[in-house]
Amino acid sequence: MPSSQKFEFVPYLSITDATRAVTFYSDVFGVTPYLLLNMPDGRVMHCEFRVGASRFFISEELPEHGGTPSPTRLGATSVAIHLYVDDCDLMVETMKKSRSTVLMEPTDVFWGERFARVRDPFGHEWGITTKLREMTSNEIRAAAEKMFAEMSE
């Protein structure tokens with residue numbers, strides 16, 4: 001049963017060298033931080049970016065304050081951020097020029113989008129996508145079944 005409450009999911013990225021990350025995300029998304037709070041020692045305590053109608057937060061991992069470990073500290077990440085943009089290829093190129101690693105080049109995929117996977121310099125993974133056409137859930141399921149059938153041949 002759907003909830004009548006309003007929800008907004010806001011990714012909060014824990015980062016090693018968040019000061020450098022503020023510059024990276026500013027450059028990649030073409031925005032300045034909406035809010036930037038630093039610890040007395042200069043490390044980023046909290047930074048909010050607003051990109052279009054979306055927003056995300058970053059901070060230094062701050063283990064001494066119970067902060068979440070960063071992908072750099074963990075050596076991995078278990079979450080990918082799915083980002084819809086007007087031009088998947090352009091965003092991937094922009095991120096690549098800013099020292100991101102392309103994990104999957106932009107590709108037209110069966111669910112009606114152009115999709116790529118990128119790991120930013122701080123270990124966070126992004127699914128970069130542009131909607132190519134609207135598809136119903138039944139159309140997507142049928143396209144997936146066709147793809148899996150072709151893979152097994």
Side-chain angles (χ1 to χ4, degrees), residues 7-39 41-135 137 140-141 143-148 150-152:
F7 291 94
E8 177 186 11
F9 291 88
V10 180
Y12 206 126
L13 309 181
S14 183
I15 296 179
T16 302
D17 196 358
T19 300
R20 194 173 63 126
V22 168
T23 301
F24 171 82
Y25 294 121
S26 293
D27 291 346
V28 165
F29 296 118
V31 298
T32 57
Y34 176 79
L35 174 65
L36 176 58
L37 302 172
N38 291 313
M39 301 287 289
D41 65 6
R43 292 178 298 162
V44 175
M45 181 180 87
H46 176 81
C47 180
E48 177 179 339
F49 284 100
R50 293 187 176 184
V51 182
S54 300
R55 59 191 183 134
F56 68 99
F57 304 150
I58 69 169
S59 75
E60 192 68 39
E61 57 187 335
L62 303 171
E64 69 276 20
H65 297 289
T68 304
S70 71
T72 301
R73 181 176 302 275
L74 294 173
T77 185
S78 64
V79 174
I81 303 155
H82 204 83
L83 176 67
Y84 282 90
V85 295
D86 290 333
D87 187 334
C88 173
D89 296 74
L90 179 61
M91 179 56 74
V92 169
E93 282 303 311
T94 300
M95 291 182 83
K96 196 182 333 185
K97 288 177 186 171
S98 295
R99 298 185 327 271
S100 295
T101 302
V102 176
L103 304 172
M104 177 182 158
E105 291 290 340
T107 305
D108 293 352
V109 290
F110 72 87
W111 60 87
E113 296 176 350
R114 185 146 179 86
F115 177 76
R117 291 182 48 237
V118 178
R119 181 180 301 120
D120 72 27
F122 311 98
H124 292 283
E125 292 191 13
W126 298 77
I128 309 297
T129 191
T130 298
K131 178 78 70 181
L132 297 176
R133 67 187 177 284
E134 288 295 326
M135 294 177 70
S137 57
I140 294 170
R141 269 192 285 283
E145 288 172 12
K146 180 181 179 209
M147 180 190 71
F148 291 136
E150 290 171 355
M151 288 172 62
S152 65

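Keep in mind that this is a model prediction, so the values were computed, not measured. Note that these values count all heavy atoms, side chains included, but never hydrogens, waters or copies made by symmetry.
- Around NZ of K131, the count of heavy atoms belonging to other residues, nucleotides or ligands within 6.0 Å exceeds 12.
- Atom-to-atom distance recorded for E145:CD and I140:CD1 is 12.5 Å, nearest 0.5 angstrom.
- More than 12 heavy-atom neighbours from other residues, nucleotides or ligands sit within 6.0 angstrom of CG on D41.
- In this structure the side chain of Y25 reaches within 4.5 angstrom of the side chain of I15, judged on heavy atoms.
- Within the 4.5 Å cutoff, side-chain heavy atoms of S70 are placed close to those of R73.
- Here I58 contributes atom CD1 and L36 contributes atom CG; the two are 8.0 Å apart, rounded to the nearest 0.5 Å.
- Looking at R43 and E61, no side-chain N of the basic residue comes within less than 4.0 Å of a carboxylate O on the acidic one, giving no salt bridge.
- Rounding to the nearest 0.5 Å gives a distance of 11.0 Å between CE of M147 and OG of S152.
- In this structure, T16 and F122 approach most closely via the heavy-atom pair O-CD2, 3.8 Å.
- The backbone N or O of D17 lies less than 3.5 Å from a partner atom in the side chain of E60, making a donor-acceptor pair.
- Contact detail for L35 and L37: the closest heavy-atom pair is CD1-CD2, 4.0 Å.
- Nearest heavy atoms, S100 versus D120: OG-CA, 3.5 Å.
- M91 CE to W126 CH2: the interatomic distance, rounded to the nearest 0.5 Å, is 8.5 Å.
- Heavy atoms only, all atoms of each residue included: G123 and T77 are closest at O-CG2, 3.6 Å.
- For F56 and F29, the ring centers sit closer than 6.0 Å to each other.
- Side chains of V109 and R114 form no contact here, defined as non-hydrogen atoms less than 4.5 Å apart.
- Residues F110 and K146 form no side-chain contact, since every pair of their non-hydrogen atoms from C-beta on lies 4.5 Å or further apart.
- For H124 and F24, the ring centers sit 6.0 Å or farther from each other.
- Donor-acceptor pairing under 3.5 Å is recorded for the side chains of T129 and E113.
- Put simply, the side chain of M45 does not reach to within 4.5 Å of the side chain of H65, judged on heavy atoms.
- Looking only at distances, no side-chain donor or acceptor of T94 sits under 3.5 Å from a matching main-chain atom of V28.
- H82 is listed as a side-chain neighbour of Y84, based on a closest heavy-atom distance under 4.5 Å.
- Contact detail for I128 and V85: the closest heavy-atom pair is CG2-CG2, 3.9 Å.
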For residues 46-55, dump all side-chain donor-acceptor pairs below 3.5 Å to protein atoms at least two apart in sequence or in another chain.
| from | atom 1 | to | atom 2 | distance (Å) |
| --- | --- | --- | --- | --- |
| H46 | ND1 | Y12 | OH | 2.7 |
| E48 | OE2 | R50 | NE | 2.7 |
| E48 | OE2 | R50 | NH2 | 3.1 |
| E48 | OE2 | R55 | NH1 | 3.3 |
| R55 | NE | E8 | OE2 | 3.1 |
| R55 | NH2 | E8 | OE1 | 3.3 |

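- With hydrogens and angles ignored, the 3.5 Å screen pairs a side-chain donor or acceptor of S14 with a backbone N or O of T68.
- From T101, atom OG1 reaches atom CD of E125 across 9.5 Å, with rounding to the nearest 0.5 Å.
- Summarising the geometry of V92 relative to V118, their closest heavy-atom pair is CG2-CG2, 4.1 Å, with the distance given to 0.1 Å.
- Side-chain atoms of S26 come within 3.5 Å of backbone atoms of V22 as a donor-acceptor pair (strictly under, hydrogens ignored).
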